[in-house]
Amino acid sequence: MTLEQTIQDILPLDYESMARAKVHWDSLAKPLNGLGDLEKLLIRIAGIRRSPAIDLRRKCVVILCADNGVVAEGVSQTGQDVTKIITENLSKGTSTVCHMARAAGADVLPVDIGVASEVTGEHILRRKIAYGTKNIANEPAMTREQALHAIEVGIETAYLCRAQGYDIIATGEMGIGNTTTASAVVAALLRAPIELVTGRGSGLTTAGLERKIQVITDALERMQPDQHDPVDVLTKVGGFDLCGLTGLFLGCAACGLPVIVDGVISAAGALCAARLCPTVRDYLIPSHHAAEPAGMLLEQALDIKPLIDAHMALGEGTGAVLMFGMLDAAAALYCNGNTFEDSNIEAYQPLS
């Protein structure tokens, strides 16, 4: 599925289904809007799925795994070998998000879209574009053709999840150095001060943070990515994981799957997708406030309101996975709750 065709296939939400979902919520024997934002999210999911009948039982967290050449500049506390190790642990079911996903009843799908070495594991979806990106301190991260290919891998993955019967997708990533590329992409797209969108990642010293800011500053000044062309921005200062996330958000919207945004890297991919097709915003389910500095700016740019504020900065989709439990609890009431009629209680009326 090409990028152009996917964008054409993204439809507005089904407002009739949303209206029917709202009527159903209001028929349940509870205070009107008693679950607040959770009610609004399920109403939106009805619009995404184009039906007021909501089923979220089959869940998957998709982890885009790739390395970033900019690691050579000392912008990360660890080396690229960690990307390989965690990717393989994702396949084994032993990484952090795997334990959390099991608790939520969700499957985990790691995608090798650009790990810098060969990885082993029977559960890895192998879609490697290249063995990591180039070093943005010296040259563009990738070619435009590679960026488009990586976006289309994300689109393909969304359609694969839909074909396998998943009802909702959470997004995640694994790639040492990707807070640097995400910060560069956000700075380019939002024309935001680099110091404002760049954080310590997995634990940089002050000197390391200063080096990271300088690397991003130099890369943006030298390559001048086009703010109005997300593919150009990704090509010059992005990563294969960010490209894949961009495609995943677009693909989920095109095939009618609600998709949960994780932290700042996931949100940077969502921003790229929304810049390519603004309707994508309607398909985004927020999860948690990102601890990285760019988090608030991304929330504002995407017009999303995360429900979880737990100061998380782990990655792998762990914040997105936490939303599964909240949505499941709301859906249990939506699908099984007693109505006012069932309970022989006079229905609440909206306040004037």
Side-chain angles (χ1 to χ4, degrees), residues 38 41-42 45 49 54-66 82-113 115 119-127 154 157-158 160-176 178 202 241 244-245 248-249 251-252 257-267 269 284-291 306-336:
L38 286 169
L41 284 178
L42 260 66
I45 287 172
R49 299 306 303 269
I54 294 175
D55 187 345
L56 302 177
R57 286 175 293 181
R58 295 217 57 208
K59 304 179 280 287
C60 184
V61 52
V62 178
I63 317 293
L64 280 301
C65 306
V82 173
T83 304
K84 170 183 168 64
I85 292 168
I86 300 299
T87 301
E88 293 180 341
N89 286 346
L90 286 163
S91 177
K92 296 173 187 175
T94 59
S95 81
T96 303
V97 75
C98 295
H99 298 289
M100 297 174 69
R102 274 193 293 274
D107 295 330
V108 175
L109 176 62
V111 183
D112 175 8
I113 195 169
V115 180
V119 292
T120 60
E122 60 178 318
H123 300 297
I124 298 171
L125 184 62
R126 301 177 187 281
R127 297 292 187 270
T157 304
L160 175 65
C161 289
R162 188 73 181 91
Q164 292 181 345
Y166 289 111
D167 302 306
I168 188 168
I169 302 300
T171 56
E173 38 63 39
M174 178 59 224
I176 299 303
N178 61 9
S202 58
D241 51 352
L245 285 164
L248 185 62
F249 286 114
C252 285
L257 277 175
V259 56
I260 303 175
V261 182
D262 188 45
V264 70
I265 297 161
S266 172
L284 304 177
I285 306 299
S287 61
H288 72 109
H289 291 287
L307 275 66
I308 302 168
D309 191 359
H311 307 287
M312 296 179 66
L314 199 155
E316 294 184 35
T318 47
V321 165
L322 286 180
M323 274 303 297
F324 283 144
M326 298 177 70
L327 292 171
D328 280 345
L333 175 58
Y334 178 87
C335 296
N336 304 305

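The first residue in the sequence is number 1, and the count goes up from there.
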To the nearest 0.5 angstrom, please state how far the [atom1] atom of [X] sits from the [atom2] atom of [Y].
| X | Y | atom1 | atom2 | answer |
| --- | --- | --- | --- | --- |
| Ile113 | Leu245 | CD1 | CG | 8.0 Å |
| Ser91 | Ile124 | OG | CD1 | 4.5 Å |
| Leu109 | Leu64 | CG | CG | 9.0 Å |
| Leu257 | Tyr166 | CG | OH | 11.5 Å |
| Tyr334 | Leu42 | OH | CG | 7.5 Å |

For Arg102, all residues meeting salt bridge (Lys or Arg N to Asp or Glu O under 4.0 Å), sequence neighbours excluded: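 Counting only residues at least two positions away or on another chain, Arg102 forms no salt bridge (Lys or Arg N to Asp or Glu O under 4.0 Å).
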Any residue meeting salt bridge (Lys or Arg N to Asp or Glu O under 4.0 Å) with Arg126, in chain and number order, not counting sequence neighbours: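 None.
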Heavy-atom donor-acceptor pair, Arg127 side chain to Thr157 backbone, under 3.5 Å: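 Flag not set: sc Arg127 to bb Thr157 has no pair under 3.5 Å.
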Check: Gly175 main-chain N/O paired with Asn178 side-chain donor or acceptor under 3.5 Å: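 Yes, the answer is positive, given that a donor and an acceptor are paired below the 3.5 Å cut-off.
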Ion pair check, Lys92 and Glu88, cut-off under 4.0 Å: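 Result for this pair is no, no salt bridge flagged.
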For [X] versus [Y], what's the shortest heavy-atom pair and its separation?
| X | Y | result |
| --- | --- | --- |
| Val61 | Ala101 | CG1-CB, 4.3 Å |
| Ala331 | Leu56 | CB-CD1, 4.4 Å |
| Pro286 | Leu307 | CG-CD1, 4.5 Å |
| Thr83 | Ile176 | OG1-N, 3.0 Å |
| Cys98 | Leu90 | SG-O, 3.6 Å |

All pairs passing salt bridge (charged side-chain N to carboxylate O under 4.0 Å, His left out) where residues 306-326 contributes a residue, at least two apart: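 Counting only pairs at least two positions apart or across chains, no salt bridge (charged side-chain N to carboxylate O under 4.0 Å, His left out) contact touches residues 306-326.
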Inter- and intrachain pairs under salt bridge (charged side-chain N to carboxylate O under 4.0 Å, His left out), touching residues 166-175, at least two apart: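 Non-adjacent pairs meeting salt bridge (charged side-chain N to carboxylate O under 4.0 Å, His left out): Arg49-Asp167.
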Side chain to side chain, Ile285 and Ile45, heavy atoms closer than 4.5 Å: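 Yes. Closest side-chain heavy atoms under 4.5 Å.
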Residue list, side chain to side chain donor-acceptor pair (under 3.5 Å) with [X], at least two apart or on another chain:
| X | answer |
| --- | --- |
| Thr87 | none |
| His123 | none |
| Ser266 | Thr171 |

Member of Val82, Asp112, Asp241 meeting the side-chain contact (heavy atoms from CB on, under 4.5 Å) criterion with Met174: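 Running side-chain contact (heavy atoms from CB on, under 4.5 Å) over Val82, Asp112, Asp241 with Met174 returns exactly one hit, Val82.
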From Cys252, Cys60, Cys161, Pro258, residue fulfilling side-chain contact (heavy atoms from CB on, under 4.5 Å) relative to Ile168: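 Looking at Cys252, Cys60, Cys161, Pro258, the match for Ile168 under the side-chain contact (heavy atoms from CB on, under 4.5 Å) is Pro258.
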Side chain to side chain contact (heavy atoms under 4.5 Å, CB included) partners of Ala310, counting only residues at least two apart: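 If we apply the side chain to side chain contact (heavy atoms under 4.5 Å, CB included) test to Ala310, skipping adjacent residues, the hits are Ile308, Met312.
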Side chain to side chain contact (heavy atoms under 4.5 Å, CB included) partners for Ala320, two or more places apart: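 Ala170, Ile260, Asp262, Ser287.
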Evaluation steps, side chain to side chain contact (heavy atoms under 4.5 Å, CB included), between Ile86 and Thr96: CA-CA 9 Å; Ile86 300 299; Thr96 303; over 6 Å; no
Kindly list each side-chain donor-acceptor pair under 3.5 angstrom involving residues 321-328, sequence neighbours excluded, with atom names and distances?
from   : atom 1 : to    : atom 2 : distance (Å)
Asp328 : OD2    : Lys59 : NZ     : 3.1

